[in-house]
Trainee: 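Dumping the structure here so I can ask a few things about it.
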Protein chains: 2
Amino acid sequence: MENEKEKVTTPEMPDIDVLFELADLFKVFGDSTRLRIMYTISENEMSVLNIAEVLNMEQSTISHQLRVLRQNKLVRVRREGKQIYYSLDDDHVKRIIEMGLDHVLE
Amino acid sequence: MENEKEKVTTPEMPDIDVLFELADLFKVFGDSTRLRIMYTISENEMSVLNIAEVLNMEQSTISHQLRVLRQNKLVRVRREGKQIYYSLDDDHVKRIIEMGLDHVLE
DNA sequence: TGAACATATGAAGATATGTTCATATGTTAA
DNA sequence: TTAACATATGAACATATCTTCATATGTTCA
């Protein structure tokens, strides 16, 4: 190869603490229950119990996982009366999933 | 765009086994050591020992993690004499990381 | 062939993670 | 206020994951 001096698109390695954050973010996507929750609320917001029913899982499990999603700013929360409605935070999230899916389904 | 019954971007939930694969893929990105390795070999291929030196980690640790990357088809491998050179498999991988980074840094 | 080097791998220990159970907190309506 | 319902959370357990150590495997060259 000629032209060895040229950097095409050299991504600088982020600081170590950013890398930890980044790893933490991907960890969130690295669980099938959370992925299912994200798909479930990707189009319409849904209450906790509703999500639990749709996925046929314990309310507690869903609640615990929603907390993880919340902490990572991946969901929006809206209270209405007794119920709390969750929805995906932005298209960003969907795009990350789609990108992963591309690789898996390649 | 016109309006034929079309849902804007409704992602069908993939089969459960695809979701497991997807989760497994994201798990790979969910570790800072692996992220650092991926950054390290994102531009130029590098030998195992070299990666270990750059990251100041044990050869064994790097080797174990490279195996994970290999199993998930995220790296390319090339042997040259005694050394084995690893590089990122495709831009796809970089894009997934960049997308996550966007979210973290937003 | 054997020495030196590079990489891979199994086992073990420490830590992290996911689910369940029981219960606490928060909300509404009577 | 209390009853009924929706959600959140702490503790406990099982399982998964990461790193290290010791060693095996693979390669080159004298």
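A, B, ... follow the sequence lines: proteins, then strands. Residue 1 opens every chain. The structure displayed is predicted, hence computed values, not measured ones.
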Trainee: Tell me whether B/Asn72 contacts the main-chain N or O of B/Val68 through its side chain, where contact means a donor paired with an acceptor under 3.5 Å.
Mentor: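 A pair under 3.5 Å: yes.
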Trainee: Quick one: are A/Val75 and A/Asp89 in side-chain contact, heavy atoms under 4.5 Å?
Mentor: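 Of all side-chain heavy-atom pairs linking A/Asp89 with A/Val75, none is under 4.5 Å.
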Trainee: Stacking between B/His64 and the base of D/dT19 (centre distance under 5.5 Å, interplanar angle under 30°)?
Mentor: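 It does not: the two rings, one from B/His64 and one from D/dT19, miss the stacking criterion.
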Trainee: Given atom CG of B/Asp31 and atom P of C/dA16, what is their separation to the nearest angstrom?
Mentor: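 My rounded result for the distance is 12 Å.
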Trainee: Would you indicate which nucleotide in D/dT20, D/dA6, D/dT19 comes nearest to any side-chain atom of B/Gln65?
Mentor: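 Closest nucleotide to the B/Gln65 side chain: D/dT19.
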Trainee: Taking B/Asp15 for the side chain and B/Val18 for the main chain, is one N or O donor matched with an acceptor at less than 3.5 Å?
Mentor: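 Checked: no pair found.
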Trainee: Base, sugar-phosphate alone, or nothing: which one does B/Tyr86 contact when heavy atoms must sit under 4.0 Å apart?
Mentor: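 If one applies the 4.0 Å heavy-atom cut-off, B/Tyr86 turns out to touch the sugar-phosphate alone, with no base involved.
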Trainee: Walk along nucleotides 24-30 of chain D from 5' to 3' and tag each nucleotide B, S or - by protein heavy-atom contact under 4.0 Å, base first, then sugar-phosphate.
Mentor: --SBS--
Trainee: Is the ring pair B/Phe26/A/Phe26 parallel, tilted or perpendicular, if the boundaries are 30 and 60 degrees?
Mentor: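 Because their plane-to-plane angle is under 30°, the rings of B/Phe26 and A/Phe26 count as parallel.
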Trainee: Should we count OH of A/Tyr85 as having more than 12 external heavy atoms under 6.0 Å?
Mentor: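 More than 12 heavy atoms, drawn from other residues, nucleotides or ligands, come within 6.0 Å of this atom.
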Trainee: Once Watson-Crick and G-U wobble pairs under 3.5 Å are found, how is DNA chain D written in dot-bracket notation, 5' to 3', with | for any base paired to another strand?
Mentor: ||||||||||||||||||||||||||||||
Trainee: Are any of A/Thr61's side-chain N or O atoms less than 4.0 Å away from OP1 or OP2 of C/dT20?
Mentor: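 Yes, A/Thr61 has a side-chain N/O under 4.0 Å of OP1/OP2 on C/dT20.
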Trainee: Looking only at atom types and distance, does a side-chain atom of A/Asp31 sit under 3.5 Å from a main-chain N or O of A/Arg34, one as donor and one as acceptor?
Mentor: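 Between the backbone of A/Arg34 and the side chain of A/Asp31 there is a qualifying donor-acceptor contact (under 3.5 Å).
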Trainee: Please check if the number of heavy atoms outside A/Lys27 that lie under 6.0 Å from its NZ is greater than 12.
Mentor: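 Result for NZ/A/Lys27: enclosed.
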Trainee: Can you tell me how far P of C/dT9 sits from CG of B/Leu66, to the nearest Å?
Mentor: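 Answer to the nearest Å: 11 Å.
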Trainee: Record whether the side chain of B/Gln59 comes under 3.5 Å of the base of C/dA8 through a donor-acceptor pair of N or O atoms.
Mentor: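 Under the 3.5 Å cut-off, the side chain and the base do form a donor-acceptor pair.
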Trainee: Does B/Arg34 have a side-chain nitrogen or oxygen under 4.0 Å from the phosphate oxygens OP1 or OP2 of D/dC18?
Mentor: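 Yes, such a contact exists.
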Trainee: Quick check on the hydrophobic clustering: are A/Leu66 and A/Met57 connected, directly or via other members, by side-chain heavy-atom contacts under 4.5 Å?
Mentor: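 Cluster IDs for A/Leu66 and A/Met57 match.
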Trainee: Return no unless some side-chain N or O of B/Ser60 is found under 4.0 Å from OP1 or OP2 of D/dT20.
Mentor: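 For D/dT20, neither OP1 nor OP2 has a side-chain N or O of B/Ser60 closer than 4.0 Å.
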Trainee: Of the candidate nucleotides D/dA6, D/dA8, C/dA8, which contains the atom at the shortest distance from the side chain of A/Leu49?
Mentor: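 Taking heavy atoms from C-beta onward, the closest nucleotide is D/dA6.
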Trainee: State which of C/dT20, D/dT19, C/dT7 makes the closest approach to the side chain of B/Ser63.
Mentor: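 For B/Ser63, the side-chain atoms sit closest to C/dT7.
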Trainee: Whole angstroms only, please: what is the CE-P distance between B/Met46 and C/dA6?
Mentor: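 Value for this atom pair: 15 Å.
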Trainee: Taking the side chain as every heavy atom from C-beta outward, state whether B/Arg76 and B/Leu88 have any pair of such atoms under 4.5 Å apart.
Mentor: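 SC-SC contact between B/Arg76 and B/Leu88 ruled out.
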Trainee: Using only side-chain N and O atoms of A/Ser47, determine if any of them is under 4.0 Å from OP1 or OP2 of D/dA6.
Mentor: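 It does not, given that no N or O in the side chain of A/Ser47 lies less than 4.0 Å from OP1 or OP2 of D/dA6.
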